[in-house]
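Numbered from 1 within each chain, the chains take letters A, B, ... in sequence-line order.
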Amino acid sequence: MKKLFPFIVPLVMLCILAGYIGTPVAQAEEEVVWTLVGIGDADGSEVDMTTVEGLHSAINFTWVLLAAVLVFIMQAGFAFLGGFLQAKHMLNYLGQCFLDTTLAGLIFWLWGFALMFGGSGFPGAEAGGLGVGYSGFILHWNAYDVNTYMIWMFQMVFLTKGVVIPVGAIAGRCRYPAYIIHACFIAGVVYPIYGHWVWGGGWISALPIGSGGLDFAGSSVVHMVGGLMGFVGALALGPRIGKYNADGTPNNMPHHNMTFVVIGTFLLYFGWFGFNPGSTLAATDLRISVVIVNTFLAGAAGAVTALFVTWGKQKKPNIGWMCNGALGGLVAITCPCAWVPSWAAVVIGIIAGLTMMGSVWLLDWKLKVDDPLGAVSVHAACGIWGMISLGIFADGSYGGVAGLITGSGWQLLAQLIAVVACMAWCFAAGAFLWYIMKYTMGIRVREEQELLGLDKAVHGIDCYAPDVRLVDLEKLVRGGKK
Amino acid sequence: MKKLFPFIVPLVMLCILAGYIGTPVAQAEEEVVWTLVGIGDADGSEVDMTTVEGLHSAINFTWVLLAAVLVFIMQAGFAFLGGFLQAKHMLNYLGQCFLDTTLAGLIFWLWGFALMFGGSGFPGAEAGGLGVGYSGFILHWNAYDVNTYMIWMFQMVFLTKGVVIPVGAIAGRCRYPAYIIHACFIAGVVYPIYGHWVWGGGWISALPIGSGGLDFAGSSVVHMVGGLMGFVGALALGPRIGKYNADGTPNNMPHHNMTFVVIGTFLLYFGWFGFNPGSTLAATDLRISVVIVNTFLAGAAGAVTALFVTWGKQKKPNIGWMCNGALGGLVAITCPCAWVPSWAAVVIGIIAGLTMMGSVWLLDWKLKVDDPLGAVSVHAACGIWGMISLGIFADGSYGGVAGLITGSGWQLLAQLIAVVACMAWCFAAGAFLWYIMKYTMGIRVREEQELLGLDKAVHGIDCYAPDVRLVDLEKLVRGGKK
Amino acid sequence: MKKLFPFIVPLVMLCILAGYIGTPVAQAEEEVVWTLVGIGDADGSEVDMTTVEGLHSAINFTWVLLAAVLVFIMQAGFAFLGGFLQAKHMLNYLGQCFLDTTLAGLIFWLWGFALMFGGSGFPGAEAGGLGVGYSGFILHWNAYDVNTYMIWMFQMVFLTKGVVIPVGAIAGRCRYPAYIIHACFIAGVVYPIYGHWVWGGGWISALPIGSGGLDFAGSSVVHMVGGLMGFVGALALGPRIGKYNADGTPNNMPHHNMTFVVIGTFLLYFGWFGFNPGSTLAATDLRISVVIVNTFLAGAAGAVTALFVTWGKQKKPNIGWMCNGALGGLVAITCPCAWVPSWAAVVIGIIAGLTMMGSVWLLDWKLKVDDPLGAVSVHAACGIWGMISLGIFADGSYGGVAGLITGSGWQLLAQLIAVVACMAWCFAAGAFLWYIMKYTMGIRVREEQELLGLDKAVHGIDCYAPDVRLVDLEKLVRGGKK
């Protein structure tokens, strides 16, 4: 890690600097009236519902808000993936998933939204530059507006994904206070600033190459950020006890409940049907049907690829790999979903399945980074592939975005710049945070806590009660021994 | 309980009496034609879909029906909260959740909807007074109308919440027949009549104070009714065996699966995004975005508050409390969600988290009422706070509803009247029912049934099969002893 | 089985023959331009969103796509029903549910959609006859169109239901490769061809009797096909070891997790609210509210019927039966949901609950077919009842479809023809497939694999980790013995 510092720190400073230079993307906010009661269009009364234009808003609010609700339930999907962990760490992981959902949302309300979407032009969020935004705090004053609330809700549920993803990589050995600071740091700094660059009117979206750096629904903004932060965290924490043998070969750490894993994957898949098509921000954009079909197909292709390849290699159909293959395909299609035809979605999904497997092998055997839920492989590796795939497969049928298959390489270049910027930013920010935490508060639980299980050690209770027959039997057997 | 009778019974009779006095809120229904085929607008053909007005209906049907579907799945969330119980009572609880969902819906179809929404003006539901409605039975005749079916669906899923909430308070010791009568009584009498007062054109909504007694999505209609009925039931049944020590101090009864609790909380949160914003009954009312954001923020604030306060007191982050804190915040915001700004939603959530904790302490240590899932604290206590909070924080930006922060105390008074009426009605109705059941059929299972577990005792099977290794081991150990 | 061949094979050949005869239902597709980039209305730009007609599309896309998402999550509901199985087969079952979801979708993209909806008139899917369609492969060329993608998504999630249903009947003893071929055969042949007859412009829908053979949302297309294929599979595989005693009496095979069963039923119920009302393919058809109410009521009536009838007979309220009663009611209402009044939905649900129970008795005691999840009874038996019930209860209020209660028997005749055709087709196709597989690759796992559990035997791991205390205790006890 330390070896990377000399390269990363200047690069990220350049990125930020690049952001602040240049014309601000929007004019300064109107004068703010300080009052308990906001002054935006707080009840939508400025929209005339007796007109076609008014109904546009109603349909699109319906679409975006229901999509946001679908994205929200993905948090339960992530929580269920904890079935990959040993039972003794499950409650700790669940508690992190739930806290990510709530605490990160509050931070996004306090200042995250203002950093990310200041300058995007939503009412009350007019002020921001190419590097960071600075308007729309606590959704008040001019931001007390039905449009701004609508977009806030949709973006907030995305943010919580970016915060919960790394938890899968640091599970089973991270101190709870360190985890909380980490979650706040992603929610309040890492995610909103990178997000501003791509979605908030920042410099990546303004690149004068191709259509600018593009990420339709968040292969980089959500998944790469989450996966890369998880990678840095897993690197900083080191592997769980028992993951590596003395000779350096990795063990498969035992799962505790594969039903939870499969159901969690279903729930994530389900939520992705809000994640991607909702990102049109409009049902009046009928391309939503192409987006949702591409989303399904890439996930399906990733799942089937992972199942059959592992079956061929391990001689057994491995259900856990199939699930992660589906998730890999879904992560990859998240960036290009609106701009590619269905056959490309299948190809992207197949390659994502292979990418995920290659990445797991790389982490397990070469980098020796312990990633309990495969979060790095699914979200970071497939996120990178997704960003690149847009530059290859965009067919020009939507918004004029055109990739290699149409004969143009510029979009691919813009995508590569976005990928490099994301990696530089996350590595630098992550390394900074974990380094500070490691040498101040400490980041890893004590060995006896890890062996006992974080549930008992940190939260004082087990996640699951033992079968009552087992308790009886234990008394009988152990009692007789004494 | 008996001491309260002299106060309650006259009060509730006054409430009902007040209802029947005064002008009926609507004229009598048109003449009913008795036929197998209804005569309302049964296929929506009276709405012209080539006009903006027609599309209004289509958008709002989409919004309301999908919101209803989200509310429906909250039943699964409640079922998952059974993770708080001992495993031996789980199937019994699950069976109650499922029966509440189905049986209560049938009662609402037979007569509940007619009592609650008769007089509300929906086609076929025109006749009703200030105290109770009396039209719209079995959704036939003039009520065989797409509008009436739409509102029925939305209201029915709300009803089933009110029926399932008390089950969390009476779990683990109630006789199954008594539970069924209790569910029917809430679905057929308690809920529809209080609901009529607030939502069906009844006397609380007609109060000439402020904007009348208001409850946007059901802090009182659903949550207080459910929570208070649970309180009366828990009081009547007495605590579970093992809940209290000889010296009167309470024990934490063991949970069996915290994964279920966390996932259940996620599912409830998810459904709440239909519960509250769906209650506009229109997506053409763009305030839905404010409603959904407030809903999220209050739940998040409640969760974070409960986590950190208990962490400070118990020195361990308690995940179960965090979940109930979220639910408390959600219950509280349910009444004021449409009428307050986002900062107030956060304040309401924080206070709801504290209210929930205070209530648990009160029930456990002072009132000695055993509430296994915290249903009373979450739904009744936070429901009361939610009703009151509207009178404080309504900012006048929506429909002119204005609370203390705008300088007017009238709305607060109307809210207090609604709270008192709800408490009086539920205590009286609940005491009446449990008293009768106790001295006729019996309400509590036998001690040996409770010790064995209700699953085996009542349903004849266990919810979970033991691990097959345990069965083997048990044979080995116990076999050797004989 | 073999005795049926002489009757079935000619019948099914007649069915197919009937399909190919007659005028093709649509003209031949336009000339296809072979290109990487499709040429339909790929971005919806041919629809003018400044008009009421444009908004029609936006609303109906919103409705249909969100309904599709609800149907998708039913796969998780089916997966949860695996709680009925022994724990040792659970992962195998889960893997089948997930593979059905993904692999079947890919087949539908490759050719299934073209067989089923070729000739239906969607862009790029214009060519097809009365027996089978033959346009719309891989959603490209003219089929690269927002309308065609929209309908594909909705139909694909239906298909995956038809593929996953039989898995419940063949669980716990089928070889994994045989299961995969079976899934592909349903997805690629059985389902699309029968589906074409009813929904794709095929001969059943074109019957000149009543309104033609009708199936609103798939009592036959999805549920009968799935349930009947499961029946043939269960017959071919024979019962699980331990299901039947030497004297031919059946045993209740142990479940492993009833929480999963109840939650799974809730999830299926939830998804059904997309399944049925989504099948209008339009929210501008306000009949959706009647459809959703009927759906709820039939499920509720089935659940309550099954609970109380079994309670009366077995003297214990049986929660598993209640769940299957709900599912039976939902399956039955799936065909008639749009054409009957609410009272008829209740009646249909009650009879479906009884039908389900009668079918279980028939399979267990008379036919000796082992159906672990009750898939045949729920989906095939109640699907047949649902198809017939339309001919009885359709009240003429929607689209002029009229059954016995209006005095006309023609619709009932059309429904009976559809039922017979579905049974003939599924029995013939299923018998053909299983016969071939049995005498080539083998269909049943070895006895020791079944006893060990398919999870360990086929996938190499257990679904659930044993409690760590059990592992300790086991070492202690077994260690001491050695």
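Side chains of A:Ser342 and C:Tyr144: a donor-acceptor N/O pair is absent below 3.5 angstrom, by distance only. In the model, A:Tyr269 has no side-chain atom that pairs as donor or acceptor with a side-chain atom of C:Thr101 under 3.5 Å.
Of all heavy-atom pairs between C:Leu66 and A:Trp63, the closest is CG-CZ3, 4.0 Å. Scanning both residues, C:Arg469 and A:Glu474, for their nearest heavy atoms gives CG-OE2, 3.6 Å. Heavy-atom minimum distance, A:Ile263 versus C:Ala76: CD1-O, 3.6 Å. Nearest heavy atoms, A:Ala283 versus C:Ala58: O-CB, 3.6 Å. The nearest pair of heavy atoms linking C:Asp462 to A:His255 is O-NE2, 2.7 Å. Looking at every heavy atom in both residues, A:Leu286 comes nearest to C:Ser57 through CD1-CB, 4.0 Å.
A heavy-atom distance below 4.5 Å is found between the side chains of A:Pro341 and C:His140. Residues A:Phe273 and C:Met153 form a side-chain contact, since some pair of their non-hydrogen atoms from C-beta on lies under 4.5 Å apart. Annotation: side chain of C:Leu473 is in contact with side chain of A:Arg478 (closest heavy-atom distance under 4.5 Å). Residues C:His459 and A:Ile319 meet the side-chain proximity criterion, which asks for heavy atoms closer than 4.5 Å. Contact annotation: the side chain of A:Ser289 approaches that of C:Leu65 to within less than 4.5 Å [non-hydrogen atoms, C-beta and beyond].
Looking at A:Leu70, the atoms closer than 4.5 Å to chain C (heavy atoms on both sides) all sit in the side chain, from C-beta outward. In this structure, the portion of A:Phe296 lying under 4.5 Å from any heavy atom of chain C is its side chain and not its backbone. Of the atoms belonging to A:Leu297, heavy atoms from both backbone and side chain fall under 4.5 Å from chain C. Contact annotation for A:Phe308: only side-chain heavy atoms (C-beta onward) come within less than 4.5 Å of a heavy atom of chain C. With a threshold of 4.5 angstrom between heavy atoms, C:Phe72 approaches chain A through side-chain atoms but not through N, CA, C or O. With a 4.5 angstrom heavy-atom cutoff, C:Leu110 does not touch chain A via any of its atoms. Only the side chain of A:Val346 comes within contact range of chain C, with at least one heavy atom under 4.5 Å from a heavy atom of that chain. When heavy atoms are compared at a cutoff of 4.5 Å, A:Pro254 does not approach chain C at all. Neither the backbone nor the side chain of C:Tyr93 comes within contact range of chain A; no heavy atom of the residue lies under 4.5 Å from a heavy atom of that chain. Interface remark: C:Met49 contributes backbone and side-chain atoms alike to the contact with chain A (heavy atom separation under 4.5 Å). Proximity to chain C is limited to the side chain of A:Leu307, based on heavy atoms less than 4.5 angstrom apart. Of the two parts of A:Ala87, neither the backbone nor the side chain holds a non-hydrogen atom closer than 4.5 Å to a non-hydrogen atom of chain C.
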For A:Met322 and C:Phe98, run side-chain contact (heavy atoms from CB on, under 4.5 Å): C-alpha distance rounded to whole Å, both residues' side-chain angles, the deciding distance at 0.1 Å, then the answer.
CA-CA 8 Å; A:Met322 174 163 60; C:Phe98 199 82; 3.7 Å; yes
Working note: C:Tyr176 + A:Trp311, criterion ring-ring contact (aromatic ring centres under 6.0 Å, His included); need CA distance, chi angles, decisive distance, verdict.
CA-CA 11 Å; C:Tyr176 212 67; A:Trp311 198 347; 5.6 Å; yes
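No side-chain donor-acceptor contact under 3.5 Å links A:Arg287 to the backbone of C:Val146.
Contact count against chain C (heavy-atom pairs under 4.5 Å) is highest for A:Thr259 among A:Thr259, A:Val262, A:Asn318, A:Asn257. Taking A:Pro466, A:Gly299, A:Gly320, A:Gly274 one by one and counting their heavy-atom pairs under 4.5 Å with chain C, the maximum is reached by A:Pro466. With chain C as partner, the option from A:Pro317, A:Cys323, A:Ala301 having the largest number of non-hydrogen pairs under 4.5 angstrom is A:Pro317. Of the listed residues (C:Leu55, C:Ile59, C:Ile138), the one with the most heavy-atom contacts under 4.5 Å to chain A is C:Leu55. Options C:Leu91, C:Leu139, C:Asn92 differ in how many heavy-atom pairs under 4.5 Å they form with chain A, and the most are formed by C:Leu91. Each of C:Ile151, C:Leu99, C:Val52, C:Val47 has some count of heavy-atom pairs under 4.5 Å with chain A, and the biggest count is that of C:Leu99. For chain C, the option among A:Asp285, A:Val261, A:Val293 with the highest count of heavy-atom pairs below 4.5 Å is A:Val293.
Distance CD1/A:Ile292 to OH/C:Tyr149: 13.5 Å, rounded to 0.5 Å. The distance from atom OG1 of C:Thr50 to atom CD of A:Glu53, rounded to the nearest 0.5 Å, is 7.5 Å.
Atom NZ of A:Lys313 sits in a sparse spot, with 12 or fewer heavy atoms from other residues, nucleotides or ligands closer than 6.0 Å.
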